[in-house]
Amino acid sequence: MTNGVNVQALLDAREVLKGAPEAAQFTWRASSKWQHGVHSTTKIEKFFGLGQEQTHKHESVFEADHPAIFAAEDNGITPIEYLLVGLASCLTAGIASVAQNRGIKLNSVEASVEGGHDIRGILGADADVRNGFNDIKVTFSIDADASPADIEALVAQSQKRSAVFDALTNPTNVTVEVA
Amino acid sequence: MHVTTVVIGAGHAGLAASHFLRAASIDHVVLERGEVANSWRHERWDSLRLLTPNWLNRLPGASYEGPDPDGYADMAEVVDFLERSAKDVPVRTGVAVTSVRRSDGGYSLTTSQGPIEARTVIIASGACNVASVPGLAAAVPSSVEQVTPFDYRTPSRLPDGGVLVVGASATGVQLAAEIQRSGRPVVLSAGEHVRMPRVYEGRDVLWWMHHSGIWSQRYDEVDDLTRARRLPSPQLAGASTLDLNVLTSLGVELVGRLSAIRDGAALFSGGLRNVAALADLKMNRLLDTFDEWAGTAPGERFQPTRVPDSSRWRLDLTSGEIRSIVWATGFRPDYSWLDVPVVDAKGSLVHDGGVVGDGLYALGLPVLRRRRSTFICGIEDDAREVVDQLRLDLAG
């Protein structure tokens, strides 16, 4: 039975890092560059973790823009949509890992993610409306060799251990400076 | 004074230890900072009752003999019960231990009544000496009164107006219910919690835990012992179910786990739905386990936890809506007097089934030797086994 997740490596890492909290300190990095209009390009390649600099196998490039109905050129998805990418992929990774650990074979895992957004906030049209999402709904369709209750448990456990779910549901200190 | 064994604390654990020390003819003394059952007398709120039905409560030398085996003891009854088991126990009350350190022959104790030398020490000073209040409490505006379960006695002593109860374990749900009933609107902040029905298929849920063998599971058989020892107490209270659905019906407003206090506002996690789902799933798994053990068809399944479509994630603490906060965020033991390096970075005693090593032992901690250890009825087997080990160590 395999979903292709090396759970043993994750369990081993958990044991090692229990006694080495400093090695568990990671820094994820992105660097972005303004292009034109509201279009920007963000590149991600390096990060820090396990006590040293690390490099992804490839550099990844992400275009962000606004759609034509915002009178923009739509060179890429809007920045807030990247949060949906993060949430869907994080929960999906969690489901695969937890399923592997529980001996559940996954046949397919699909998610649709919807973020409700009142754009009067970012337009400054109503001071009582927030800038970000009002709510987010994720709907998973999962085909697996498991009971419905076991599948529910996979989804619940993946939220419990999800970095992006935590980052979206809890406040985080953010510092923005001019270098 | 020289003695073979000092037991620190005359609660249920210390009294049980003494019973088996006496049976093994080990000379010992039980030191108690206050009086027998001190915490039960002085550190509990007025309405508190044991989570275990009376018939389950037993201590070495004392079992329930009253007229209501299916009832739940109030604190006066618990104190009576402990006093009955304290007969023939060499307790010295009003003796506070201020230091325990290694010595050539074992341990040197400094107490409010002078020094004591002992070959062995049993720590039975309790698991709930201090309220664990999160650091973010420091950011609560001074206009809001803050209380811990140690300060809290009854709702009428709280200011009129809204109350934020933080924590949804047994303490949090019990206090939320009685505060809401007192006319003070309650907002309950719930993180991960343990949901249980009071009664399943006509039997107390703890009857099932007891008879199905779940409570007998040993500490060295538990999958994740650290987690089991940190598990919040189940949402139970005396004679009826007290889960989040009951609280919602009473008018309590549910919000997510308190994650920050910023600019005078409490910010709650948006993950309430998931902690409720986790608790529902775990409860159902527990009921499945009962059914499997009983060899019967699945019994009643309870309504999933109702979570508001959109729970508030921000609560202004300066608006006057909330006049007090009750920190039902758990308890921890106090080892500030223990000058032996046996406490880990998180403040937990490092022990193997109550055996710390070098003549030091512990009793009365959660899942010490089995799941039942967390409850009064779990102390008898634990105390017998730990004292057996102590006896062997003395002989060795």
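Chain letters run A, B, ... following the sequence lines, proteins first, then strands; residues in each count from 1.
The 12-atom threshold is exceeded at NE2 of A/H56, counting heavy atoms of other residues, nucleotides or ligands nearer than 6.0 Å. The number of heavy atoms from other shown groups lying within 6.0 Å of CD (A/E63) is above 12. Environment of CG in A/D126: crowded, with over 12 heavy atoms of neighbouring residues, nucleotides or ligands closer than 6.0 Å. The 12-atom threshold is exceeded at CD of A/Q52, counting heavy atoms of other residues, nucleotides or ligands nearer than 6.0 Å. Other residues, nucleotides and ligands contribute only 12 or fewer heavy atoms inside 6.0 Å of the CG atom of B/D309. Residue B/R230 qualifies as open at atom CZ: its count of foreign heavy atoms under 6.0 Å is 12 or below. Heavy atoms from other residues, nucleotides or ligands lying under 6.0 Å from CZ of B/R323 number 12 at most.
At a 4.5 Å heavy-atom cutoff, the contact between A/T172 and chain B is made by backbone atoms alone. Interface remark: B/S310 contributes no atoms to any contact with chain A (heavy atom separation under 4.5 Å). Only the side chain of B/R262 comes within contact range of chain A, judged by heavy atoms closer than 4.5 Å.
Note that OG1 of A/T169 is 10.5 Å distant from CZ of B/R257, once rounded to the nearest 0.5 Å. The line from CD of A/Q159 to CZ of B/R273 is 10.0 Å long, rounded to the nearest 0.5 Å. Atom CG of B/L281 sits about 10.0 Å away from atom CD of A/Q157, to the nearest 0.5 Å.
Contact between A/P171 and B/L267 at its shortest, heavy atoms only, is CG-CD1, 3.7 Å.
Using non-hydrogen atoms only and a strict 4.5 Å limit, the part of residues 130-155 of chain A facing chain B consists of A/R130, A/A149, A/E152, A/A153.
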